[in-house]
Amino acid sequence: MPVAHRALAIPGLGLCLPERIGDGWLVRPTELDHTITARLDLTGSPGNPVLEVRSDHEPWRTALTPRHADLLARLGDVGRVGLTAEQLSVAIYGDPAHAVTVRAEISRLRRVVGALVSTNPYRLADGVQLMVLRPPAQV
């Protein structure tokens, strides 16, 4: 559900501002550039990943759970090919038996990031570029 005057990232439209109109919503693009650049910052304190999304103007930021950040980073790593629920289950849990759990987590992630994540297979939506900032490797 949109929040009035909080930017939404909509692939193909870029950042949009929703306005409440009666019982519905009017969603207006904020600029002409349709590319959405997202930056997933995993360098902060453990357990506090932050996603920043921008098109051309003001970015919006949201905190993610560590699991959601992990899922988003994995989708960014595989690119447009995407992953099935079973493949994500293997990547996260080591076996395909947790596909239902993965589907539920992706559904929850999409409530936070909206249409940045596409389905069938799970992948970043067209027009979304994700940069993942990871902490330095421990030696």
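Below, all heavy atoms of this structure are taken into account, side chains as well, without hydrogens, waters or symmetry copies.
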**Student:** Can you give the donor-acceptor pairs under 3.5 Å from side chains of residues 93-100 to other protein atoms, not counting sequence neighbours?
**Tutor:**
unit_1: D95; atom_1: OD1; unit_2: A97; atom_2: N; d: 2.9

**Student:** Taking it one step at a time, do I106 and L88 satisfy side chain to side chain contact (heavy atoms under 4.5 Å, CB included)?
**Tutor:** CA-CA 10 Å; I106 291 286; L88 276 169; 4.2 Å; yes

**Student:** Please name all residues satisfying salt bridge (charged side-chain N to carboxylate O under 4.0 Å, His left out) with E52, sequence neighbours left out, ordered by chain then number.
**Tutor:** R39, R54, R61

**Student:** Taking side-chain hydrogen bond (donor to acceptor under 3.5 Å, both in side chains) as the definition, give me every residue that meets it alongside Q129, ordered by chain and number, with sequence neighbours left out.
**Tutor:** none

**Student:** Between CG of N120 and OG1 of T84, what distance do you get to the nearest 0.5 Å?
**Tutor:** 10.0 Å

**Student:** Quick one: name the residues clustered hydrophobically with V90, using the 4.5 Å side-chain heavy-atom rule over I, L, V, M, F, W, Y, and just say none if it's on its own.
**Tutor:**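 ILVMFWY cluster around V90 holds nothing else.
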
**Student:** Is there a side-chain contact between L51 and L130 in this structure, where contact means two heavy atoms from C-beta onward sitting under 4.5 Å apart?
**Tutor:** yes

**Student:** Could you identify which residues cluster with L26, counting Ile, Leu, Val, Met, Phe, Trp and Tyr as linked when any side-chain heavy atoms lie under 4.5 Å apart, either directly or through a chain of such contacts?
**Tutor:**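 Members besides L26, by chain and number: I21.
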
**Student:** Taking ring pair (Phe, Tyr, Trp, His ring centres under 6.0 Å) as the cut-off, I'd like each qualifying pair that reaches into residues 100-136, sequence neighbours left out, listed once.
**Tutor:**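 Every candidate ring pair (Phe, Tyr, Trp, His ring centres under 6.0 Å) pair involving residues 100-136 fails, so no pair, neighbours aside, qualifies.
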
**Student:** When clusters are formed from ILVMFWY side-chain contacts under 4.5 Å, directly or step by step, what else is grouped with M131?
**Tutor:** L133

**Student:** Suppose we screen for salt bridge (charged side-chain N to carboxylate O under 4.0 Å, His left out). Which residues come up paired with D70, at least two apart in sequence or across chains?
**Tutor:** R67, R74

**Student:** What residues form a side-chain hydrogen bond (donor to acceptor under 3.5 Å, both in side chains) with R134, not counting sequence neighbours?
**Tutor:** D77

**Student:** How about N48 and L64: do any of their side-chain heavy atoms sit closer than 4.5 Å?
**Tutor:**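 No. Closest side-chain heavy atoms not under 4.5 Å.
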
**Student:** Side-chain heavy atoms nearer than 4.5 Å, only ILVMFWY residues, links allowed to pass through others: does that put L75 and V112 together?
**Tutor:** yes

**Student:** Shortest non-hydrogen contact from R80 to A125?
**Tutor:**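 Between these two residues, the closest heavy atoms are NH1-O, 3.1 Å.
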
**Student:** Linking I/L/V/M/F/W/Y whenever their side-chain heavy atoms sit closer than 4.5 Å, directly or via other members, would V132 and V113 fall into one cluster?
**Tutor:** yes

**Student:** Any pair with a residue in residues 105-118 that passes side chain to side chain donor-acceptor pair (under 3.5 Å), sequence neighbours left out, goes on the list, sorted by first then second residue, please.
**Tutor:**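 Counting only pairs at least two positions apart or across chains, the side chain to side chain donor-acceptor pair (under 3.5 Å) contacts touching residues 105-118 are H68-E105, E105-R108.
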
**Student:** Please find the pair of heavy atoms, one from A69 and one from L42, that lie closest to each other, and give the distance.
**Tutor:**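 Here A69 and L42 meet closest at CB-CD2, 3.8 Å.
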
**Student:** At what distance, to the nearest 0.5 angstrom, does CG of L116 lie from CZ of R123?
**Tutor:** 13.0 Å

**Student:** Do the side chains of L72 and L124 get nearer than 4.5 Å, heavy atoms only?
**Tutor:**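 Yes, side chains in contact.
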
